[in-house]
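The analysis underlying the following values was restricted to heavy atoms, covering all of them including side chains, and did not include hydrogens, waters or symmetry mates. In this text the structure is predicted, and so the values were computed from the model without any measurement.
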Amino acid sequence: MPFTVRTLDAPSRDGKSRKDEYLVVDFPNGRNRRTLVVTRHTADLLNEVDFEDWVFLGEFAAILDRKTGQIEAILRSFGTPTIDALLKRLTATVEENQSDQSGVVEAEAAAKAASDESERPLRIKFPGISGRLEAEISPANHALAWLERGFGPRVGTFSLKLKAKGVNRHEDALVLLREFSTSLFFDLDVTHQTSFGLAVSWTVTQKRRDRERAKAVHTRAPRLPRMRYSPEAASLYTYGRSAAGMPLLEFLAYYQVMEFYFSVYSRQELMQRVRQELLDPRFDPNSDSDLARMMGILGGSSKSFLAESEQLRATLRRCVDNDVLAAFIKGSEEMEEFLTGKQEIAGVKPLNFSNKEQKIVDQVADRIYQIRCRIVHSKEDGGPDGAQLLLPFGDEARKLTHYISLARFLAQKVLIAGAKPASWI
């Protein structure tokens, strides 16, 4: 298993600096590798398990132990209550109904060998009826938790454990984990008002955090805001900022900020088109063809003057300078390479800075709209372009990082363009 040794300067209790060594290990992850940090403490924990047989699964904080055939995935809860509180609720429910008629759910709650008897390690078991599959939710494996979270199993750190006959390959294990967890979590939500999810590996989210930290931050002291922003649009923007880890929600929130101003800027665009047509000396109000062309500009009998994609273009043209947008994209070599290279998001074309016929702001508008359609349209009603549904927990959703950063930048520009002088200045 490939690894490298690195050293870190760490302060000691006597105030002096000491050298701490740690390993950076490449674990197998299907056809890819997962690079994780192994500290001295984590190494001790790994020595207690057969980690050589571990294969990490997809983008999740999850493993397949090829020796035992067990799948383990760290869980997360959405909102409140915490996972341990949810498990206590489930345990209490099962304890009240010890004889479960379906035979699907059993619960174990062993008393903890500690002075505080109120703390009890929780375990919810879901034994398979046919014996082909066994599942449980219980405290997470120490070594896995330290690798993926930087801490060991404590209150609130639980994992889903599965064991199925014949599942010993990465792809098979990943499919089973996704399909089973989706069904289990939905059933528990419907029947017990719980909200579980699979935790994503920190290596996936850390890349975006590193990119965010690398961006320039103003060094001047904070000052009173000089402009007043729309509370509605700013609320949508704040919602996007709070949706970190939920890429589709975050992207749509920033899109809605832009959409909030569609009526303002699309009408300006429309008035400009009408004005140009009326000022044309060749325009004849008595000509049916000229009037038909004018009706076409006004959208004919459609409910909206401009198609939504054109409204987005009009809004961004009014709010974002083409050169400023190009500089933002080129300011990150990784972003520029992703947006101009072979696209990993289906249905979205790469940007072309050499295209003299279409400005970057229009190209970006088209791609933002294409992603929006992939999120909101189902496979059956994908609209004129037959957009395929972009799944919230799919691989493509986690590749939206650069498009989310781009959408946030655009939302900021639209909010700023729509701001008014503050009354408190």
Side-chain angles (χ1 to χ4, degrees), residues 58-61 73-83 86 178 181-182 185-186 188-190 193-212 215 229-262 308-309 311-312 315-316 335 338-339 344-348 364-365 367-379 381-383 387-415:
E59 68 279 4
F60 302 113
I74 293 179
L75 299 179
R76 62 169 294 186
S77 62
F78 299 100
T80 55
T82 58
I83 292 181
L86 294 175
R178 281 175 171 162
S181 63
T182 298
F185 299 153
F186 180 75
L188 290 176
D189 185 27
V190 171
Q193 300 297 307
T194 64
S195 184
F196 290 145
L198 298 178
V200 175
S201 173
W202 72 270
T203 59
V204 176
T205 56
Q206 187 66 28
K207 290 181 180 179
R208 182 176 180 188
R209 292 196 188 103
D210 290 342
R211 281 193 290 267
E212 294 296 327
K215 292 181 180 178
Y229 307 101
S230 164
E232 296 85 357
S235 178
L236 290 169
Y237 178 82
T238 303
Y239 178 61
R241 292 294 279 161
S242 67
M246 294 179 282
L248 303 194
L249 281 178
E250 187 174 3
F251 180 90
L252 282 180
Y254 298 141
Y255 182 88
Q256 287 180 301
V257 174
M258 300 176 242
E259 188 179 32
F260 183 82
Y261 290 95
F262 278 4
E308 184 167 343
S309 58
Q311 292 185 64
L312 176 60
T315 300
L316 296 187
M335 174 182 284
F338 182 87
L339 297 181
E344 299 182 48
I345 310 297
V348 180
V364 167
R367 283 134 188 87
I368 293 293
Y369 183 71
Q370 289 164 357
I371 294 174
R372 173 261 178 200
C373 289
R374 294 236 16 231
I375 295 174
V376 303
H377 289 311
S378 68
K379 187 175 182 180
D381 66 352
Q388 300 293 307
L389 181 65
L390 207 162
L391 299 174
F393 296 107
D395 292 335
E396 284 187 304
R398 267 169 279 281
K399 294 176 181 178
L400 286 176
T401 299
H402 292 298
Y403 281 110
I404 290 174
S405 296
L406 185 57
R408 193 177 86 197
F409 174 78
L410 297 173
Q412 291 173 348
K413 289 297 184 182
V414 172
L415 262 170

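Minimum heavy-atom separation, L406 to M335: N-CE, 4.5 Å. Heavy atoms only, all atoms of each residue included: G347 and Q370 are closest at O-OE1, 3.3 Å. In this structure, A253 and L236 approach most closely via the heavy-atom pair CB-O, 3.6 Å. Shown here for Y403 and I345, the closest heavy-atom pair between the two residues is CE1-CG1, 4.2 Å. Contact between A397 and P392 at its shortest, heavy atoms only, is CB-O, 3.4 Å.
Each of L252, L249, L391 was checked for a side-chain contact (heavy atoms from CB on, under 4.5 Å) with I375, and the lone residue meeting it is L252.
Taking a 6.0 Å sphere around OH of Y239, one finds it holds 12 or fewer heavy atoms contributed by other residues, nucleotides or ligands.
For Y237 and Y254, the ring centers are positioned less than 6.0 Å apart.
Note: S309 OG to I368 CD1 = 13.5 Å, rounded to the nearest 0.5 Å. Taking CG from L198 and CD1 from I74, the interatomic distance works out to 10.5 Å, rounded to the nearest 0.5 Å. From S77, atom OG reaches atom CZ of F196 across 7.5 Å, with rounding to the nearest 0.5 Å. Considering OG1 of T401 and CZ of F251, their distance stands at 12.5 Å, rounded to 0.5 Å. The distance from atom CG of L390 to atom NZ of K399, rounded to the nearest 0.5 Å, is 11.0 Å. Expressed to the nearest 0.5 Å, how far SG of C373 lies from CG of L389 amounts to 12.0 Å.
In terms of the ring pair (Phe, Tyr, Trp, His ring centres under 6.0 Å) criterion, residue partners of F409 (sequence neighbours excluded) are, by chain and number, F328. Under the rule for a salt bridge (Lys or Arg N to Asp or Glu O under 4.0 Å), E232 has no partner lying at least two apart in sequence or in another chain. Partners of F338 under the ring pair (Phe, Tyr, Trp, His ring centres under 6.0 Å) rule, at least two apart in sequence or in another chain, are H402.
Within the 3.5 Å criterion, the main-chain N or O of P231 finds no donor-acceptor partner in the side chain of S235. In terms of modelled atom types and a separation under 3.5 Å, the side chain of E396 and the main chain of A346 share a donor-acceptor contact.
Relative ring orientation between Y255 and Y369 is described as tilted, the plane-to-plane angle lying within the 30° to 60° band.
A salt bridge links R372 to E308: at least one charged side-chain nitrogen sits closer than 4.0 Å to a carboxylate oxygen.
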List the steps, then state whether side-chain contact (heavy atoms from CB on, under 4.5 Å) holds for S201 with F60. CA-CA 5 Å; S201 173; F60 302 113; over 6 Å; no

What do the steps show when you test R241 against R408 for side-chain contact (heavy atoms from CB on, under 4.5 Å), and what is the final call? CA-CA 9 Å; R241 292 294 279 161; R408 193 177 86 197; 2.2 Å; yes

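Residues F186 and V190 are in side-chain contact: their nearest non-hydrogen atoms beyond the backbone lie under 4.5 Å apart. Using a 4.5 Å heavy-atom cutoff, the side chains of L410 and V257 are not in contact.
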